[in-house]
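Heads up: the structure comes next, in structure tokens.
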Amino acid sequence: MSRTRTALLASLALVAGASGTAFAVVAPSNVAAAAACTVDYKVQNQWDTGFTAAVTVTNNSAAKSSWAVKWSYAGNQKVTQGWNAKITQSGAAVTAANESYNGTLASGGSVSFGFNGSYSGTNAVPTSFTLDGVSCNGDSGPTDPPTTDPPAGTKVDNPYAGAKVYVNPEWKAKADAETGGSRISNQPTGVWLDRIAAINGANGSMGLRAHLDAALAQKGANEEVVQLVVYDLPGRDCAALASNGELGPTEIDKYKTQFIDPIAAILADSKYASLRIVTTIEIDSLPNLVTNTGGKATATPACDTMLANGNYVKGVGYALHKLGAIPNVYNYIDAGHHGWLGWDDNFGPSATLFKQAATAEGATVNDVHGFITNTANYSALKENNFTINDSVNGVSVRQSKWVDWNRYVDELSYAQAFRNQLVSVGFNSGIGMLIDTSRNGWGGTARPTGPGATTSVDTYVNGGRYDRRIHVGNWCNQSGAGLGERPQAAPAAGIDAYVWMKPPGESDGSSSAIANDEGKGFDRMCDPTYTGNARNGNSMSGALPNAPLSGHWFSAQFQELMKNAYPAL
């Protein structure tokens with residue numbers, strides 16, 4: 001499997017906007033060959049005072065080692081945040097220049113970047129562009145579907161590139177019912193298959209076929225990604241109780257025959273061959289075998305059991321094998337987050353264990369399209385106010401209580417580095433990473449605007465960090481959290497997409513014990529009065545009060561996520 005990981009050479013996925021429409025970014029086919037350059041400018045998403053746009057530039061002249069695209073707005077649009085280009089604005093004039101990593105632009109090559117902007121009144125798209133001072137024949141607005149798409153079922157390098165992503169109508173209805181929720185209700189989120197009953201639809205909810213049928217209806221003539229979370233391992237989530245599953249530690253055969261096999265049979269139906277089906281494989285499973293076993297202070301008897309019986313490794317291998325055999329399925333294995341596996345004694349061993357699972361039960365590394373980090377977690381995407389290389393009064397940032405000798409301070413640096421580690425142990429060199437940004441924005445009034453005081457390494461880090469959790473080990477319904485970057489394709493080198501795999505507003509676990517038939521226990525980490533354990537440095541849990549069972553709608557959390565969103569809504 002050969003996959004190019006230069007993120008900017010892939011088109012940005014365009015997510016449904018306020019109008020409910022979305023268009024794949026494609027090079028215009030109706031531009032005369034004589035044009036020195038073409039520019040495809042699309043408004044991805046638009047709301048009352050802002051918008052998200054994606055721009056793809058194609059160079060039809062000689063190869064370039066650097067580039068700059070310019071345009072002017074007819075209205076009062078202002079660029080507020082960009083990615084994959086250095087974007088500056090003077091009045092109505094905007095300049096987007098290459099970053100250090102994407103200056104090379106071959107003859108016939110393309111580069112993509114995007115940005116968020118504000119406006120009032122109208123938001124007319126620019127009508128003229130230049131590339132290095134030469135006028136381009138720009139194209140804006142909807143385009144015809146590309147005529148060179150691969151045949152249905154053929155795997156592509158990045159499934160999110162040039163594709164819409166499925167908007168779950170059940171989650172959308174819940175978001176729309178919330179005050180202000182319509183601002184984000186058209187965003188795509190993951191569909192969680194977290195028990196056997198979910199395959200056919202539990203308690204009146206849509207089953208897997210119903211979601212795939214709805215995705216086909218949304219797809220139309222475009223490419224469409226459907227995001228599934230496959231999550232029902234025997235002895236699931238051995239280090240926590242809120243998301244314990246229905247299968248006992250030894251029920252690996254039931255997992256295979258009653259959970260994975262029925263899912264695989266549905267996904268293999270030729271009716272769904274035109275969909276790009278992304279599967280997140282068993283979150284919070286394999287990382288537990290590295291960090292919570294073998295006499296460590298964080299070990300649990302349940303995790304020791306799952307390490308000894310091998311059923312996590314067998315289950316993940318079986319899922320990869322069965323689902324990876326379906327041509328239009330893209331498997332991404334859960335890889336924890338930087339605050340879990342970023343330490344030296346976890347980083348390398350985790351990659352080795354993932355390789356073991358990816359070659360178990362008939363699976364091979366070719367069944368793995370990539371990995372996903374930060375699923376259902378809160379780790380900040382990018383900490384801008386300090387780096388791992390900083391020191392204060394001769395003391396390394398790694399010695400601060402927050403970083404605590406970790407090698408990474410945020411998810412982007414961790415995901416990119418972990419990708420390299422995974423390749424080094426035998427995964428394909430073209431694997432891509434996903435980062436869940438559904439709850440890691442950490443905006444609002446508490447968001448620092450610069451580095452902390454240099455009184456000590458702790459004041460420096462704590463005063464500047466965006467992630468406002470009490471401890472990086474806190475994971476349940478965190479107070480003060482906000483929505484993060486909106487879902488988008490190819491946002492950075494090695495990253496296939498930012499995604500909202502965890503639907504914002506769905507609880508991590510109940511604040512107190514609640515009787516249920518879903519196999520879900522009560523974890524004190526979801527209790528706001530809990531004073532902690534070894535896995536969170538014996539700190540307060542930081543959890544919101546009055547939370548329902550995991551996966552159930554939590555209105556107070558949804559409102560808090562919108563209030564603290566970054567970029568702001």
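Every value quoted in this text rests on a predicted model; they were computed, and no experiment measured them.
With hydrogens and angles left out, the side-chain atoms of S438 and D436 include a donor and acceptor closer than 3.5 Å. Of the N and O atoms on the side chains of T375 and D334, at least one donor lies less than 3.5 Å from an acceptor on the other residue. Counted by atom type alone, S555 and E178 present one or more donor-acceptor pairs between their side chains at under 3.5 Å. Using modelled atom types and a 3.5 Å distance limit, the side chains of E282 and Y255 yield a donor-acceptor pair. Side-chain atoms of H337 and Y414 form no donor-acceptor pair, as typed in the model, at a separation below 3.5 Å. In the model, S539 has no side-chain atom that pairs as donor or acceptor with a side-chain atom of N536 under 3.5 Å. A donor-acceptor pair shorter than 3.5 Å cannot be found between the side chains of N440 and Y566. In this model, no donor atom of one side chain and acceptor atom of the other lie less than 3.5 Å apart for N328 and K155. A donor-acceptor pair shorter than 3.5 Å cannot be found between the side chains of H211 and Q227. Side-chain contact check for N292 and T298: at least one donor-acceptor pair (N or O, by modelled atom type) lies under 3.5 Å.
Listed by chain and residue number, K271 satisfy the salt bridge (charged side-chain N to carboxylate O under 4.0 Å, His left out) test with D213 (two or more places apart in sequence, or in another chain). For D467, the salt bridge (charged side-chain N to carboxylate O under 4.0 Å, His left out) partners are R469, not counting sequence neighbours.
Two rings, from F427 and F354, have their centers 6.0 Å or more apart. Ring to ring, W475 and Y378 are not that close: their centroids are 6.0 angstrom or more apart. Aromatic pair H369/Y330: centroids less than 6.0 angstrom apart.
Between S413 and H338 the shortest side-chain heavy-atom distance does not fall below 4.5 Å. Counting heavy atoms from C-beta on, the side chains of W171 and P504 come closer than 4.5 Å. Inter-residue side-chain proximity for V278 and Y160 is flagged as met; some heavy-atom pair is nearer than 4.5 Å. Annotation: side chain of F554 is in contact with side chain of N477 (closest heavy-atom distance under 4.5 Å). Using a 4.5 Å heavy-atom threshold, the side chains of Y231 and S285 count as separate. Proximity of E223 to R276: side-chain heavy atoms (C-beta onward) are separated by under 4.5 Å at one or more points. S379 places none of its side-chain heavy atoms less than 4.5 Å from the side chain of W340. Residues L193 and V229 have side chains not in contact (no heavy-atom distance under 4.5 Å, counting atoms from C-beta outward).
Taking CG of L422 as the reference point, atom NZ of K355 lies at 10.5 Å (rounded to 0.5 Å). Atom CG of L216 is separated from atom OH of Y272 by 6.5 Å, given to the nearest 0.5 angstrom. A distance of 8.0 Å separates CD1 of I260 from CD1 of I199, quoted to the nearest 0.5 Å. Residue M562 holds its CE atom at 7.5 Å from OG1 of T179, rounded to the nearest 0.5 Å. For the atom pair CG (L247) and CD1 (I196), the distance works out to 5.0 Å, reported to the nearest 0.5 Å. Atom NZ of K219 is separated from atom CG of L275 by 7.0 Å, given to the nearest 0.5 angstrom.
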Test S185 against D176 for side chain to side chain donor-acceptor pair (under 3.5 Å), laying out the working first. CA-CA 6 Å; S185 61; D176 278 332; 2.6 Å; yes
Would you check, one step at a time, whether the test side chain to side chain contact (heavy atoms under 4.5 Å, CB included) holds for D508 with R439? CA-CA 12 Å; D508 294 320; R439 304 185 301 178; 2.9 Å; yes
Using side chain to side chain contact (heavy atoms under 4.5 Å, CB included), reason through N374 and T437 one step at a time and then give a plain yes or no. CA-CA 7 Å; N374 212 42; T437 59; over 6 Å; no
ring-ring contact (aromatic ring centres under 6.0 Å, His included) evaluation trace for F347 with Y408: CA-CA 11 Å; F347 193 77; Y408 304 95; 5.3 Å; yes
Let me see the working for K322 and D367 under salt bridge (Lys or Arg N to Asp or Glu O under 4.0 Å), right down to the final yes or no. CA-CA 9 Å; K322 294 289 288 188; D367 293 316; over 6 Å; no
Applying side chain to side chain contact (heavy atoms under 4.5 Å, CB included), run through E361 and L320 and close with a yes or a no. CA-CA 9 Å; E361 301 292 307; L320 293 171; over 6 Å; no
Using the rule given for side chain to side chain donor-acceptor pair (under 3.5 Å), can you reason through Y318 versus N311, listing the C-alpha separation, both sets of side-chain angles and the distance that settles it, and then say yes or no? CA-CA 10 Å; Y318 189 81; N311 283 342; over 6 Å; no
Check the pair E246 / R236 against salt bridge (Lys or Arg N to Asp or Glu O under 4.0 Å), numbers first and verdict last. CA-CA 8 Å; E246 62 187 348; R236 188 180 74 191; over 6 Å; no
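In terms of heavy atoms, N309 sits closest to P249 at ND2-O, 3.3 Å. Listed here is the closest heavy atom pair of L549 and S507: O-CB, 3.4 Å. The two atoms that bring N288 and C238 nearest to each other are CB-SG, 3.6 Å, heavy atoms only. Nearest approach of W343 to V472, heavy atoms of both residues: CH2-CG1, 4.4 Å. Residues P503 and W192 share a closest heavy-atom pair of CD-NE1, 3.4 Å. Of all the heavy atoms in G473 and M525, the pair that sits closest is O-CE, 3.9 Å.
Judged by distance alone, with hydrogens and angles left aside, the side-chain atoms of Q478 form a donor-acceptor pair with the main-chain N or O of S541 at under 3.5 Å.
The cationic atom of K254 (NZ for Lys, CZ for Arg) does not lie both less than 6.0 Å from the six-membered ring centre of F259 and within 45° of the ring axis.
Ionic pairing of E411 and K382 is not present here: no N-O contact between side-chain nitrogen and carboxylate oxygen is shorter than 4.0 angstrom.
Between F558 and W553, the angle of the ring planes lies from 30° to 60°, which puts this pair in the tilted group.
Of the residues T373, L434, T279, the one that meets the side chain to side chain contact (heavy atoms under 4.5 Å, CB included) test with Y332 is L434.
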